[in-house]
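Here the structure is a predicted model, which means the values were calculated and not measured. When reading the values below, keep in mind they use all heavy atoms of this one structure, side chains included, and skip hydrogens, waters and symmetry mates. Numbers here are sequence positions counted from 1.
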Amino acid sequence: MKIGIIYVGIGRYVRLWDGFYKSCELHFIPEAQKDYFVFTDGTLPKAPNVHTVAWPDEGWPAVALNRYKMINFIRRRLELYDYIFFFN
């Protein structure tokens, strides 16, 4: 089973990424293959299953309102997965 995980870590929320990633790898369907698509204006530690997507910090509420635009931006890549989850 292949799972695509969409995560928004823009602005100060990028600091929450490390804890989320470790917890998700350990607890969220541990037997599944997981790939993460992280929209961020920052930098993340490298991992083979983490794909960063550069996205500007447009401020609140624009970041929240544009989440579907973000997902649409990578929709072709998401077609490869059995399930897709959005975490924010």
Side-chain angles (χ1 to χ4, degrees):
M1 172 178 13
K2 288 179 62 173
I3 296 177
I5 296 173
I6 301 166
Y7 183 90
V8 177
I10 294 177
R12 64 184 177 192
Y13 296 99
V14 73
R15 68 184 172 168
L16 302 173
W17 168 251
D18 288 333
F20 170 80
Y21 177 74
K22 290 173 186 169
S23 178
C24 197
E25 284 290 288
L26 184 62
H27 301 293
F28 184 68
I29 314 174
E31 68 277 6
Q33 174 190 336
K34 293 179 284 241
D35 286 318
Y36 299 84
F37 297 89
V38 184
F39 291 88
T40 185
D41 60 337
T43 57
L44 302 176
K46 301 289 184 210
N49 63 339
V50 176
H51 313 281
T52 58
V53 182
W55 203 268
D57 184 356
E58 302 166 299
W60 190 89
V63 169
L65 294 172
N66 288 329
R67 65 182 169 250
Y68 298 111
K69 186 188 295 185
M70 294 176 193
I71 295 167
N72 190 48
F73 185 74
I74 61 167
R75 77 175 181 270
R76 295 277 186 235
R77 294 171 73 181
L78 297 174
E79 291 174 357
L80 303 173
Y81 296 89
D82 300 308
Y83 298 96
I84 301 164
F85 294 89
F86 174 81
F87 292 98
N88 190 9

Which heavy atom in [X] sits nearest to a heavy atom in [Y], and how many Å separate them?
| X | Y | result |
| --- | --- | --- |
| Phe28 | Lys34 | O-NZ, 2.6 Å |
| Trp55 | Asp41 | O-CB, 3.3 Å |
| Glu25 | Tyr36 | OE2-OH, 2.6 Å |
| Asp57 | Gly11 | OD2-CA, 3.6 Å |
| Gly9 | Thr40 | O-OG1, 2.7 Å |
| Glu58 | Val63 | N-CG2, 3.8 Å |

Tell me, do [X] and [Y] make a side-chain contact under 4.5 Å, heavy atoms counted?
| X | Y | result |
| --- | --- | --- |
| Ile29 | Glu31 | yes |
| Ile6 | Leu78 | yes |
| Met70 | Val8 | yes |
| Trp17 | Val50 | yes |

Near Phe86 CZ, under 6.0 Å, is it more than 12 heavy atoms from other residues, nucleotides or ligands?
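Yes, enclosed.
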
Approximate separation, where rounding is to 0.5 Å, of [X] [atom1] and [Y] [atom2]:
| X | Y | atom1 | atom2 | answer |
| --- | --- | --- | --- | --- |
| Ile84 | Arg77 | CD1 | CZ | 12.0 Å |
| Asn66 | Phe39 | CG | CZ | 11.0 Å |
| Arg67 | Asn72 | CZ | CG | 14.5 Å |
| Leu16 | Tyr7 | CG | OH | 5.0 Å |

How would you list, by chain and number, every residue that makes a salt bridge (charged side-chain N to carboxylate O under 4.0 Å, His left out) with Arg15, sequence neighbours excluded?
none

For the backbone of Lys2 and the side chain of Asp82, can you confirm whether one donor and one acceptor N or O come within less than 3.5 Å of each other?
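Such a contact is found between Asp82 side chain and Lys2 backbone.
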
Using the side chain to side chain contact (heavy atoms under 4.5 Å, CB included) rule, pick out the option among Asn49, Ile5, Val38 that qualifies with Tyr21.
Asn49

Please tell me whether [X] and [Y] are part of a single hydrophobic cluster in this structure, the criterion being side-chain heavy atoms less than 4.5 Å apart.
| X | Y | result |
| --- | --- | --- |
| Leu80 | Ile74 | yes |
| Phe73 | Tyr68 | yes |
| Ile3 | Val53 | no |
| Met1 | Phe87 | yes |

Tyr81 and Phe37 aromatic ring geometry - parallel, tilted or perpendicular at 30°/60° bounds:
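Judged by the thresholds at 30° and 60°, the geometry between Phe37 and Tyr81 is perpendicular.
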
